[in-house]
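Quantities reported herein were computed from a predicted structural model and do not represent experimental measurements. Chain A is the first sequence line, chain B the second, and so forth, proteins listed ahead of strands; every chain is numbered from 1.
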Number of protein chains: 2
Amino acid sequence: MMSDLLTERDAWSMANCSIARTLEIVGTRAALLIMREAFFGTRRFDDFAKRVGIGEPAASARLKELTAAGLLERVPYQEPGQRTRYAYQLTDKGRDFLPVLVALRQWGDTWAADEQGPAVVVRHKDCGAAVHAVLRCDDGHDVQLGDSFVDAGPGLIRVGPDRPEPGGE
Amino acid sequence: MMSDLLTERDAWSMANCSIARTLEIVGTRAALLIMREAFFGTRRFDDFAKRVGIGEPAASARLKELTAAGLLERVPYQEPGQRTRYAYQLTDKGRDFLPVLVALRQWGDTWAADEQGPAVVVRHKDCGAAVHAVLRCDDGHDVQLGDSFVDAGPGLIRVGPDRPEPGGE
DNA sequence: TAGCTGGCTTCAGTAAACATAAGTCAGCTA
DNA sequence: TAGCTGACTTATGTTTACTGAAGCCAGCTA
């Protein structure tokens, strides 16, 4: 679980952290639940507010952020006898967020589940079996928990020396 | 991406939602970044505050919540010539959260990346190849984006009728 | 025993994310 | 043209998550 890199954790900066940068966009409860709803198929403003359980101003703010960030797009639609309206729908960028939601749901199902079982299940279109998020390496191996370690990437910013962590693994 | 269930989305309640329940525990930016640091090997109070970039009161509050929720545990340790101190370390419940962080990092690497590439890479212990979160169904098939749909689970609470979503897929 | 240090807690204030309620506006229907 | 509806926006207030600075306590070292 640990590499030598971690013994010099203070030697690198988190200024360039993909997790932190992702959370700048979807770091609120409401934004993540709006993404959940978008995957459930919700498209209309009022429905987002109602189904996420937030007020309209909050829905407006979060939808605007997610649209500006490119996870959702406003597309015009027209129902017969109605004027043109706009629906919020997932872009490719937004659709690619599904693994995060599946992983969150999966953790909740495992560790914070209701007695009655999960409310919703994501299924594979082809076979109908339940879908899970799993870890896999580029060589194609399944990666079990504890079988991975954190390494420096090309964008790592080093800033100074470090002291060792207590205990060790 | 959509099932017939979604055309009756208002017929089910999200009172029993694993994603929402998970976000009750780790729904803040600081809590998620503390979990990131825990996987990086950080164990001491001051280091969490410094490396996450939050104040000590915020670190204290979030660490207390994560400990109470069982993702972290306070374990005593003693360095030579020092008194007994406590370190925060991941429990099984906390370690099982890794796929969420991998998925978040992966999305950030893809869609909000720095020009220089990612700061850190998670690697497989056995082969050193980079680790990714992928979706797989219980029948063992890889699930591509768009090849899944949302279905009712046993814990679904139905509440009333619905109106159709605009547009359709 | 007097400091020093790590690991917090307390205090006071700010900022962000929310709530509720009311208002606006476009354009279809009557 | 007058109302109605969906989709917002605006106004105001509350709650939650933070910040910085200071204080406290245990126990090791001098």
Does A:Tyr77 put a side-chain nitrogen or oxygen below 4.0 Å from OP1 or OP2 of D:dA7?
-> yes

Side-chain N or O of A:Lys64 less than 4.0 angstrom from OP1 or OP2 on D:dT9?
-> yes

CG of A:Leu32 versus P of C:dA17: gap in Å, rounded?
-> 13 Å

In terms of side-chain heavy atoms of A:Pro57, which of C:dA19, C:dT9, D:dT10 is nearest?
-> D:dT10

A:Arg62 CZ to D:dC8 P, straight-line distance once rounded to whole Å = 15 Å

From the candidates C:dC8, D:dC18, D:dT9, the one with an atom nearest any side-chain atom of B:Tyr88 is C:dC8

Rounded distance (Å) that lies between atom C1' of C:dC18 and atom CG of A:Leu33 = 13 Å

For atom CG of A:Asp46 and atom C1' of D:dC4, their distance in whole Å | 15 Å

Cut-off 3.5 Å, side chains only: do B:Asp126 and A:His141 have a donor facing an acceptor?
-> no

Please determine if a side-chain N or O atom of B:Arg44 lies less than 4.0 Å away from the OP1 or OP2 oxygen of C:dG7.
-> yes

Touch class at under 4.0 angstrom, heavy-atom based, for A:Ala30 against every strand present = sugar-phosphate

Nucleotide D:dA26, atom P - distance to CZ of B:Phe45 in whole Å | 18 Å

Mapping A:Arg85 and B:Gly53 onto DNA chain D by nearest heavy atom, which one lands closer to the 5' end?
-> A:Arg85

Answer with yes or no whether the side chains of A:His124 and B:Asp139 bring together a donor and an acceptor at under 3.5 Å.
-> no

Can you tell me the distance, in whole Å, between the CG atom of A:Leu23 and the C1' atom of C:dA16?
-> 16 Å

Answer yes or no for B:Arg43 and B:Tyr88: cation-pi contact, defined as NZ/CZ to six-membered ring centre under 6.0 Å and angle to ring axis within 45°.
-> no

Judged by modelled atom types alone, do A:Thr42 and A:Arg51 share a side-chain donor-acceptor pair under 3.5 Å?
-> yes

Looking only at side-chain atoms of A:Arg74, point me to the closest of D:dC8, C:dC8, D:dT19.
-> D:dC8

With distance as the sole criterion, is a donor-acceptor pair present between the side chains of A:Trp111 and B:Asp96 under 3.5 Å?
-> yes

Name the closest nucleotide to the B:Glu56 side chain, picking from C:dT9, D:dC8, D:dG20.
-> C:dT9

Interatomic distance where CD1 belongs to A:Ile54 and P belongs to D:dT15 [whole Å] | 19 Å

Using only side-chain N and O atoms of B:Ser60, determine if any of them is under 4.0 Å from OP1 or OP2 of C:dT9.
-> yes

Rounded off to whole Å, could you give me the CZ-to-P distance for the B:Arg29 and C:dA16 pair?
-> 12 Å

